[in-house]
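Have a look at the structure below before the remarks.
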Amino acid sequence: MGKKVDAAVVQAVLYGVYKALFKITGASAAAVMRQAAPDILAGLTKFGVKLPQVTNIDELSKAVNGVVTEAGCCDSIEFKLDDDILTANITNCTFYDLTTALKELDIPPFGCPFAALTLALAQQNLGKRPRITSLAPTEGGKKGDTTLKVQLL
Amino acid sequence: MEKLHDILEELVAVSGIDVAVCVGRDGFVIDAASTGSSDTEAIGAMVSTGMGSAESVGRELGLEEIDQAMMEFKGGIVMMTALGKDALLAIVAAKDANLGGVRLQVRRSAPKILAAM
């Protein structure tokens with residue numbers, strides 16, 4: 001893992017980018033993130049972050065958890081697969097303040113880095129066509145705990 | 001009720017229409033029909049953001065919600081029609097297609113597509 005930067009600065013940059021993206025493309029901003037997802041995976045490889053090419057959901061969960069917690073993105077992430085629904089449980093998301101600030105402007109959480117990463121992994125490692133069905137604070141969870149549900153087709 | 005794919009197939013059977021794609025606003029291709037081997041996944045993603053940009057122009061100008069947007073290129077026409085708030089229908093047609101006829105077919109098909117989704 002490379003040099004780390006202050007999460008507040010990263011969130012500030014993303015805040016500006018996401019706000020502008022939403023202003024220009026509106027509800028279709030999610031389509032931009034969908035396009036970005038595979039490039040985020042490619043970018044991780046390009047910039048030296050190793051994610052193993054595993055197809056087993058438990059191994060994938062363990063590998064992603066190792067990478068994102070080492071990067072300080074959250075305290076943990078865990079994938080579960082029930083039929084065609086892939087659920088990602090994220091605890092203490094570092095980008096929570098960013099999502100909250102955008103939500104105050106009625107901007108949906110299309111830019112969630114975990115959502116983009118999950119979409120890309122579902123496509124590349126699981127070979128499925130993924131679609132986000134929900135992304136919301138975990139029921140009964142603490143601040144920053146988030147549950148993401150993706151339908152795999 | 002007609003199936004979504006059948007409605008899209010009917011559209012591409014219209015003279016001049018090469019591709020009909022039903023796509024979510026998140027760029028997810030719900031279904032598509034094509035007379036050739038077009039990359040409908042790529043078309044879906046591009047038209048979704050194209051529609052979003054056109055919608056933003058209207059919003060900035062206070063023109064309310066978008067109904068339809070069209071782009072004319074030297075090599076063909078792309079017509080995007082809103083299907084509620086969550087999806088859109090994109091048509092790729094030949095440059096010499098009968099535009100009035102294409103628009104008529106799209107207007108007739110849009111409610112059927114919405115019902116079939």
Side-chain angles (χ1 to χ4, degrees), chain A residues 16-42 84-86 88 99 102 105-124 126-136 148-153, chain B residues 3-5 8 19 21-32 34 38-71 78-92 114 116-117:
Chain A
V17 172
Y18 290 167
K19 197 176 162 189
L21 185 58
F22 188 75
K23 186 178 181 184
I24 292 169
T25 62
S28 299
V32 176
M33 285 308 289
R34 192 177 180 79
Q35 282 289 297
D39 285 327
I40 291 173
L41 263 194
D84 63 343
I85 299 293
L86 177 65
T99 308
L102 291 170
L105 301 172
D106 289 328
I107 298 176
F110 65 85
C112 172
F114 295 106
L117 189 60
T118 304
L119 283 182
L121 288 168
Q123 206 161 327
Q124 182 181 286
L126 304 179
K128 299 285 187 180
R129 293 179 71 226
R131 189 177 201 189
I132 295 171
T133 56
S134 69
L135 176 63
L148 165 70
K149 287 187 185 293
V150 176
Q151 186 177 18
L152 305 178
L153 298 167
Chain B
K3 287 183 179 174
L4 175 56
H5 191 75
L8 298 177
V19 181
V21 187
C22 182
V23 56
R25 293 301 299 266
D26 60 354
F28 184 85
V29 173
I30 299 163
D31 207 341
S34 168
S38 305
D39 185 351
T40 52
E41 288 285 338
I43 292 171
M46 296 307 138
V47 295
S48 177
T49 48
M51 187 69 152
S53 301
E55 195 173 36
S56 297
V57 172
R59 192 169 50 239
E60 285 296 308
L61 296 173
L63 300 176
E64 300 179 34
E65 290 176 9
I66 193 164
D67 182 34
Q68 195 169 65
M70 195 175 70
M71 296 181 280
V78 178
M79 187 182 289
M80 302 169 289
T81 305
L83 297 170
K85 285 188 174 178
D86 298 325
L88 63 100
L89 168 68
I91 295 291
V92 181
L114 259 174
M117 279 169 57

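Each chain gets a letter, A, B and so on, in the order the sequences are listed, and its residues count up from 1.
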Working to the nearest 0.5 Å, report the span between [atom1] of [X] and [atom2] of [Y].
X	Y	atom1	atom2	answer
B:Met80	A:Ser28	CE	OG	9.5 Å
B:Asp26	A:Met33	CG	CE	12.5 Å
A:Thr25	B:Met51	OG1	CE	13.0 Å

_Heavy-atom cut-off 4.5 Å, strictly under: side chain, backbone, both or neither for B:Val29 against chain A?_
both
*Non-hydrogen atoms of chain B under 4.5 Å away: do they reach the side chain of A:Phe22, the backbone, both or neither?*
backbone
*Most chain A-contacting option - heavy-atom pairs closer than 4.5 Å, from B:Ala42, B:Gly27, B:Ala45*: B:Gly27
_Only pairs of heavy atoms separated by less than 4.5 Å count here; which of B:Ser53, B:Ala54, B:Gly44 has the most with chain A?_
B:Ser53
*Sub-3.5 Å donor-acceptor pair from the side chain of B:Ser56 to the main-chain atoms of A:Lys23, do we have one?*
yes
*Could you check if a side-chain atom of B:Glu55 sits within less than 4.5 angstrom of a side-chain atom of A:Ile24, using non-hydrogen atoms only?*
no
_Restricting to non-hydrogen atoms, name the atom on A:Ala31 and the atom on B:Arg25 that form the minimum distance, rounded to 0.1 Å._
CB-O, 3.8 Å
*Residues, nucleotides or ligands: over 12 heavy atoms within 6.0 Å of B:Asp39 CG*: yes
*Could A:Arg34 and B:Phe28 be counted as a cation-pi pair, given that NZ or CZ must be under 6.0 Å from the ring centre and within 45° of the axis?*
no
